[in-house]
J.: 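Provided herewith is a single structure, encoded as structure tokens, for subsequent inquiry.
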2 protein chains.
Amino acid sequence: MDNLSKSDVFNGLTNEQYTKIIKTGFPKRLGPKSMLFHQGDPAEKCYLVNQGRLKLSKINEHGKEVIIRYAGAGELTAAVAVLKNGKYPVTAQSIEKTEVIQWDKSTIIDLMHRYPDIAINMLNILLENIDDLQHRYLELCSEHVEQRIARSLLRLMRRAGSKTLNGILIDIPLSRENVADYSGTTLYTVSRTLRSWEKKGWVRSARERITITDPHALVSFAENR
Amino acid sequence: MDNLSKSDVFNGLTNEQYTKIIKTGFPKRLGPKSMLFHQGDPAEKCYLVNQGRLKLSKINEHGKEVIIRYAGAGELTAAVAVLKNGKYPVTAQSIEKTEVIQWDKSTIIDLMHRYPDIAINMLNILLENIDDLQHRYLELCSEHVEQRIARSLLRLMRRAGSKTLNGILIDIPLSRENVADYSGTTLYTVSRTLRSWEKKGWVRSARERITITDPHALVSFAENR
DNA sequence: CGCTCTATTGATAAACCTCAAATACAGTGG
DNA sequence: CCACTGTATTTGAGGTTTATCAATAGAGCG
């Protein structure tokens, strides 16, 4: 269930149908750290991540940022905002070289009519997102910072982990500040925490790269306070 | 937009259609503080609140509760969990004498086929819920406790406020602990905070009843730190 | 090799929780 | 109508967690 929201909106369609659908959209290339859309802007297009990764976040009036989620290849964003004729509820920024495919409103509506599976998949993905957010909301309310950091890393690991010799690398450029914004804390606390875990041999970290060397230890830490 | 999620799943249908639909479900009466369903249970029925109010919350393994939202008359809960053949993601408990109408899976699917508006409305309500939760997530990460309490009260006021001589009464039995669980803090902090606001003339409170006497002051407090 | 961005670390302070104890309140049954 | 009982609320003291600020070190890039 953890990878449903990672899975394609186009589940259940044939490859043929899929390529046909892709052709109805326009590809767009983004450099690293470029803005795709900003919260509050009128939602005119929706985007499918083809390569790379987007950071979806919310920013408050004082500039404090909170990362809602990272969207990787195969994930569709802003579709519902477009359908609702609404505004983007979050800000989307690429974090590395990224290619997205964009559709405008009329096209996506047309696609959904032609391929009803798309709407159903979207609904399911939406539900996963709600679930995830509710979980994180509970964690944010009830757990201590280090615990939340552990859970964040594990969550990111499950969604973007790749096995290496030393452990599981989180395959996202991830600064201390990013982890902080994802866990609801500060970059200083994240730095201290990662350092202490590194000494224990649970993680290894370099500049914007985190490898989890002992997932089991992290899990048990997250669960037993 | 704040009252969309409060609005009926049956928007756009005629009264005739509405009464017909209601008759396909079974009414169920609940006393105050009785459990309707528990998180993790298999989701077999969905419920429409007819009278009264439900508290939807999540509870972690140590018993710490977080209130996701209060569902009042006209609000449907657990529909998507049922459709997905899943488990209830939250716990639902009545907080006063409450009447709900229940449908099982096959009936609700049948209804959605017969009245497509229902599905569309559900989707919209779901989106409002996501939006709300994302907002609160940001607030939880970025704001101080008193600010969050202010926002909680204002949010509850907008959804369940009724005008009285002294101000706007939040028409939900609401203990200090409830407010705490909704704001991500402790009942002690809520108590102190409400006390100090009472001295300033912003709110009046009795046992499980909160009246906001100066909403404007609260709003400005929430926004200007 | 400088410049910029990221990470580390220490010192300090603030925000908030926890625990304990007292008090107020509403409902119940005599 | 009143005493009784179980909650809800208030309040204080003390301690912990975590944020903030400041300063330094390190990494990568042109």
Side-chain angles (χ1 to χ4, degrees), chain A residues 31-34 55 60 62-66 93 95-97 139-153 170 172-200 203-211 221 225, chain B residues 31-33 55 60 62-66 93 95-97 139-150 152-153 170 172-200 203-211 221 225:
Chain A
K33 307 205 180 183
S34 52
K55 179 181 74 179
N60 77 2
H62 303 297
K64 165 80 180 172
E65 179 175 10
V66 172
Q93 195 182 9
I95 55 174
E96 51 195 352
K97 261 188 77 179
E139 287 166 15
L140 198 54
C141 282
S142 59
E143 293 180 351
H144 285 181
V145 171
E146 298 206 334
Q147 225 175 332
R148 300 201 311 261
I149 295 173
R151 292 210 195 263
S152 297
L153 293 186
I170 296 174
I172 304 178
L174 209 59
S175 69
R176 302 295 182 261
E177 188 162 19
N178 292 150
V179 176
D181 292 342
Y182 191 71
S183 311
T185 178
T186 63
L187 72 103
Y188 308 104
T189 301
V190 171
S191 176
R192 277 182 247 269
T193 303
L194 285 184
R195 208 75 229 302
S196 90
W197 289 347
E198 196 147 8
K199 283 175 186 160
K200 289 183 186 171
V203 302
R204 313 216 71 206
S205 71
R207 177 181 253 236
E208 302 200 307
R209 293 170 67 81
I210 299 173
T211 304
F221 174 84
R225 78 185 314 296
Chain B
K33 307 203 179 184
K55 179 182 77 180
N60 77 2
H62 303 298
K64 165 81 180 171
E65 180 175 10
V66 172
Q93 193 180 10
I95 55 174
E96 53 196 350
K97 260 188 78 178
E139 288 166 14
L140 198 54
C141 281
S142 60
E143 294 180 350
H144 287 179
V145 171
E146 298 207 333
Q147 226 175 331
R148 299 200 313 259
I149 296 173
S152 296
L153 293 186
I170 295 175
I172 304 177
L174 209 59
S175 68
R176 303 292 181 264
E177 188 163 18
N178 291 151
V179 176
D181 292 343
Y182 191 71
S183 312
T185 177
T186 63
L187 72 104
Y188 308 104
T189 301
V190 171
S191 176
R192 278 181 247 269
T193 304
L194 286 183
R195 207 74 231 303
S196 91
W197 290 348
E198 196 147 8
K199 282 174 187 159
K200 290 184 186 169
V203 303
R204 316 216 68 206
S205 72
R207 180 181 255 237
E208 301 200 308
R209 293 169 67 79
I210 299 174
T211 303
F221 174 84
R225 77 185 322 295

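Letters A, B, ... mirror the listed sequences (proteins, then strands); counts begin at 1.
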J.: Distance check, rounded to the nearest 0.5 Å: B:Leu187 atom CG versus B:Ser175 atom OG?
T.: 8.0 Å
J.: When rounded to the nearest 0.5 angstrom, what distance separates CD in A:Glu139 from CG in B:Asn60?
T.: 9.0 Å
J.: If I take atom CZ from residue B:Arg176 and atom CZ from residue B:Arg192, how far apart are they, to the nearest 0.5 angstrom?
T.: 13.0 Å
J.: Could you list where the contact with chain A starts and ends along DNA chain C, reading 5' to 3', using a 4.0 Å heavy-atom cut-off?
T.: C:dC5 to C:dA11
J.: Are there over 12 heavy-atom neighbours, none belonging to A:Glu177, within less than 6.0 Å of that residue's CD?
T.: no
J.: Separation of A:Ile149 atom CD1 from D:dA19 atom C1', in whole Å?
T.: 13 Å
J.: Protein-nucleotides 16-18 of chain D N/O pairs closer than 3.5 Å?
T.:
{"from": "D:dT18", "atom 1": "OP1", "to": "A:Val145", "atom 2": "N", "distance (Å)": "2.9"}

J.: Checking A:Ser152 side chain against A:Arg148 main chain: does a donor-acceptor pair fall under 3.5 Å?
T.: yes
J.: Is the shortest heavy-atom distance from the side chain of A:Lys64 to the side chain of A:Asp181 under 4.5 Å?
T.: yes
J.: Indicate, with a heavy-atom threshold strictly under 4.0 Å, whether B:Lys33 touches base, sugar-phosphate, or nothing.
T.: sugar-phosphate
J.: Looking only at atom types and distance, does a side-chain atom of A:Glu96 sit under 3.5 Å from a main-chain N or O of A:Pro173, one as donor and one as acceptor?
T.: no
J.: Can you confirm whether A:Thr185 sits close enough to A:His144 that some side-chain heavy atom of one is under 4.5 Å from a side-chain heavy atom of the other?
T.: no
J.: Touch check for B:Ser191, heavy atoms < 4.0 angstrom, all strands: base, sugar-phosphate only, or nothing?
T.: base
J.: Would you compute the distance between atom CD1 of A:Ile170 and atom CG of A:Leu153 and round it to the nearest 0.5 angstrom?
T.: 5.0 Å
J.: Take B:Ile210 and B:Val179 through the test side chain to side chain contact (heavy atoms under 4.5 Å, CB included) and record every step on the way to the result.
T.: CA-CA 10 Å; B:Ile210 299 174; B:Val179 176; 3.9 Å; yes
J.: Polar atom pairs between nucleotides 22-26 of chain D and protein, under 3.5 Å, N or O only, would you list them?
T.:
{"from": "D:dG26", "atom 1": "N2", "to": "A:Arg207", "atom 2": "NH2", "distance (Å)": "2.6"}

J.: Between D:dT20 atom C1' and A:Lys64 atom NZ, what is the distance in whole Å?
T.: 12 Å
